[in-house]
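Reckoned from all heavy atoms, side chains included, excluding hydrogens, waters and symmetry mates. In what follows, every chain begins at residue 1, and chains take the letters A, B, ... in the order their sequences are listed.
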Amino acid sequence: MEVAREHIYSDADLDRVEGNQIEALKAHSQQPFPDPDEWLDEKLERNILLITVDAALNWARRSSLWPAICFPACCAFELIAANASRFDLSRFGMEILRASPRQADLMITAGTLTWKMAPQVRRIYDQMAEPKWVIAMGACAISGGIFTSSYSVVPGYNRIIPIDVYVPGCPPRPEALIYGIRMLHSKIARRSLGTEAK
Amino acid sequence: MTVALSGKEIATKIEERFPGSVVKSSPDSLVVKSEFLLDVATFLKTTPDLDFDYLTAITAIDYYDRFEVVYQLTSIKHNHSLMVKTHCYGRDNLSLPSVVGLWRGADFQEREIYDLMGISFDGHPNMKRIVLWEGFEGHPLRKDYGT
Amino acid sequence: MRDTRYARIMVLKTEPFILNIGPVHPSTHGVFRMRTTLDGEVVVDVEPVFGYLHRGIEKLAEERTYTGVIPLTDRLDYVASMSNNLAYCLAVEKLAGISVPERAEYLRVILAELQRIASHLIAVGAFLNDCGAFFTPFLYMFREREKIVDLFEMVSGQRLLYNYMRIGGFNQDVPDEFLPALDKLLAQMPRFIEEYERLLKENEILLARAKGVGILPKEVAINISASGPVLRASGVKWDIRKKDPYSIYDRFDFDIPTGEVGDCYDRYRVRVEEMRQSLRIINQARRQLPAGEVKSEVPHLVRPPAGEAYAHIEAPKGELGFHLVSDNSIAPYRCHIRAPSLLNLTALRDMAIGWKVADLIIIFGSIDIVMGEIDR
């Protein structure tokens, strides 16, 4: 097969544009997003008219959470281990990892986030269809963990995207992750169309 | 066992070929002048009884008054190794000749040194930042970064 | 009307276009990105773009004590933490002139070789995943990996990032139930490897996808500083355990498996063979394991004399080296990590050019990279 072997490196303009995007996001993301507070919002959820619809809808939603692929670092292997035969995440209807964020409704952020990676994570989150949830898995995802003082690490995913459930550990054991997923299930169970509408 | 060649012995061989190129030598390493770096590297790679065909690693160390770039060379043929160093003075617009032409394994490592230490390598085909993004200020592995 | 439209198609020129793969893509093993230039479906150029996991480990190491760096090394090649610990501890011991008790040396060998099997299981599983056997081989490999992880959890309490080795040995001896469990695993493991071999060795799809694809010639492999299975698959008999024995590897009897042509299939074969050889080493080390201390007398804050040292080991991915510079303080002055994945990645462009995009994924999978180590 005859193919030209000269170097075709990408041009510097493209790199500069990408670098500017990272810097812009970094400048915007100095404060964490507040955690979604519908968990605490008790009043609106006691909506008698909608309660059976809510129950059926939430049951359907929480029983087939499909995680999007977002595995930057170490925690990914505990997530895969949770998916594999011993821990068998498919018991909770979420054995399918979706490569396309448009088909997913859960993001499990398994690993350290750097500023260079941040625009991509934000884009994945934006591409996911509503309603969507995020589990911050591991110390790096919560606060930057062991790398929090580094020059290139984002101190927690909540600078970039809102987080629903935090699972501590470095890395969390698969059992801990499953417990976090169960917490998310009960959070979804408390959702109400009434609160969604506002 | 990989034999670590004596820097002193190699230094005399290099001195014979390129007078004035070796700054100093010790049993475990030798320091060459940066303008002779490419000549010495070619000599080490092509001389039959040295045959350093494998570039194990490149490192740069910031000593405030100078940057030291360390080349770990190995010969797979003869199973011996050598540590070659060179110095780079000053803080701005530093440059060294690139050894990518001899060992292509230097490609990413030289780019990494450029990114994190701020030493650019002349003759490298794609000298730009590698792990940080374009527009990042400073070179983090320098000792004075962030102070 | 129709004639003119055809005529226009006839004169259409093709030109190369750029396809971006990653950084979030199921086949990029983490957050790796390839800017590929394609001519139709044929790869004309690949430019690896990384740094999406650059956490500044080398800089953070300068702010910690020598023992405090060990947890950072865990997070380099996070599927082979024990090997990283070993390489770092060897470097500090070389720098400070610390010796290690016999029992600790044997345990280190046992743990490092177990870690090699665990890492190769993931490498092979992920490679087959890339070949299109989606997740099934991965589940098989993870079944066995869990058994090894159980052993590591017994000794360290952690499932992934063990932080078990210390400068001068270990922080504590292995628990009583470790050795019986190890014996059980050693009895089972050959049968498991046979099982994969039965499933995969002669598998027609695997042969068609991997054989002859992504050939890396011997000279190029040496020139780009490849190491580990990538170098050996190209026919270079270079294994640091044999060529520059560290720890007590010179006491064991084992072979270095090598490939012939250096294609993806050879790299896969070398890894499977290495698992067998690792089992041989563990069996010997297990038989000879002496009783005694597992840690030599090391001060709480290690303060090596000023100087520098380079220590390297044969990690599962290749040559893992630590270049430490000391200024006689309690923290390393400079800690450079020679990451095998980073240098093996240089080969990607050579191997991939001229192949189809689907082959590029397999070639990339056969290098077996871990981003934590590349970006550091």
Just checking [X]: does its [atom1] atom have more than 12 heavy atoms from other residues, nucleotides or ligands closer to it than 6.0 angstrom?
X	atom1	result
Arg123(A)	CZ	no
Tyr179(A)	OH	no
Glu137(B)	CD	no
Arg102(A)	CZ	no

Do Trp133(B) and Glu23(A) get their side chains close enough for a donor-acceptor pair, meaning under 3.5 Å? yes
Just verifying a value: how many Å separate Glu134(B) CD and Lys116(A) NZ, rounded to the nearest 0.5 Å? 9.0 Å
Between CH2 on residue Trp115(A) and CZ on residue Phe136(B), distance to nearest 0.5 Å: 12.0 Å
If every non-hydrogen atom of Lys128(B) is compared with every non-hydrogen atom of Asp15(A), which pair is closest and at what distance? NZ-OD2, 2.8 Å
